[in-house]
Structure formats: C-alpha cells, structure tokens
Amino acid sequence: MERPSQLAMGGTAAIAAITAGVLFALGRIAWCKCGSPVPWSFDTWSMHNSQHILDPYVLSHLLHGVIFYGALHVLDRRRADVAWLIALVIEAGWEILENTPLIINRYRESTASLDYTGDSVANSMADLAACGVGYLIARRLPWWGSVLLFFALELLSLWWIRDSLTLNVIMLISPVEAIKQWQVG
Ligand SMILES: [Zn+2]
C-alpha cells in the first residue's frame, strides 16, 4: 500500500477529535473513575470495564474494521483514503450512539453489561483505533483469511468473556433470555 494521503491523515485526526469532543459533550469521562493509570482492564464484570484503554471488547472492534473492509474493499482499491475514512466515520458514529442514554440503557437491561454506564473517552478512542487496525489487517489478508480471523476472534471472545460481536448484536436487537443466563452464570 502506498503512503497514506494527506486527506486520509487529516481526516483521521479530524474524526478522532470530533468524536472525542462529542463524547465529552455527552458527559462521558476521560478515564476510569478509579484513576489507576493501568492501561488495560480484563475483568468485564468490574467498574473498570470499557473505562481503560485495552479490554476484551477490543476484539469486537477489530472485527468492526474487518467487516468494514469487507464492505468497502471495492471502493478501497479505487480510493483507499475515502474508503478508510468512511469506515472510521461509521465506527465513530457507532461509538457516539453507543454512548447515548438510549443504547446505554438498552445494554444495561438486556446484555451482560449490568454496570455499564458508557465508555470512557479514552476507551472509545482505543475502540476507534482498534477498528482502524482491523481494517488494515483485513486489507492485507486474503478474503478467507479475514473470514478465519472473524471466527477465531469471535470464539476467543466467547471463551474469554462469554460475549462477542455476534452475541452483542443479537442481544441489542432481540435479547434472548437463555444467552443472558449463560452470560451471567
Ligand atoms: Zn479503573
């Protein structure tokens, strides 16, 4: 791949800055309330979940990028910078939506995330970055490599935290009680 264009770099910086600004405006905090500078939090059942930089949900966000590349790869071959920015805008839009009261409450009611009160801004920025990394990985892989990566990360996520991108989508759209029981069990 050639060097990223000025449009791609400037656009990336602008999307990250605007997303952070909107999240702060929505009342999200910059970092975990606990104040610990440890950059990761692997216990999804703690107050630290989605408040530090790295947590198990990074796997889901990597997969967002893989999926976006799958959807945008035709455009990516013609205008790599435009395709990249579209992917980031969608992810940024999701990060913002995910941190509106509507979605936060839906997560709390119907998914594993009982104490979920929205991501910290640092965590949202890391999620956005993970999506970008997933996109760039998918760009280098053959299509079947991306498919394998998808299933590998989903299984890893299910094993690790009893949650995954697929389950997340199912539970957000149409919660299944049996899945919830398994997740809290
Ligand atoms: Zn913390």
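Scope of the values below: all heavy atoms of this structure, side chains included, with no hydrogens, waters or symmetry mates. Counting starts at 1 for both ligands and their atoms, in listed order. Counting from 1, the numbers follow the sequence of the chain as shown.
- Considering every non-hydrogen atom in both V66 and S146, the closest pair reads CG1-CB, 3.9 Å.
- Other residues sharing the hydrophobic cluster of I53, ordered by chain and number and joined by side-chain separations under 4.5 Å: W31.
- Side-chain atoms of L158 and W182, non-hydrogen and from C-beta on, do get closer than 4.5 Å to each other.
- Distances shorter than 2.8 Å separate the Zn ion (ligand 1) from the protein N/O/S atoms C32 SG, C34 SG, H48 ND1, H52 NE2.
- Considering CG of L136 and SG of C131, their distance stands at 9.5 Å, rounded to 0.5 Å.
- Scanning for side chain to side chain contact (heavy atoms under 4.5 Å, CB included) contacts around S120 gives I29, Q51, A122, N123, with sequence neighbours left out.
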Could you pull out every donor-acceptor pair under 3.5 Å between side chains of residues 7-21 and any protein atom, sequence neighbours left out?
unit_1, atom_1, unit_2, atom_2, d
T12, OG1, A8, O, 2.6
T12, OG1, W84, NE1, 2.8
T19, OG1, I15, O, 2.6

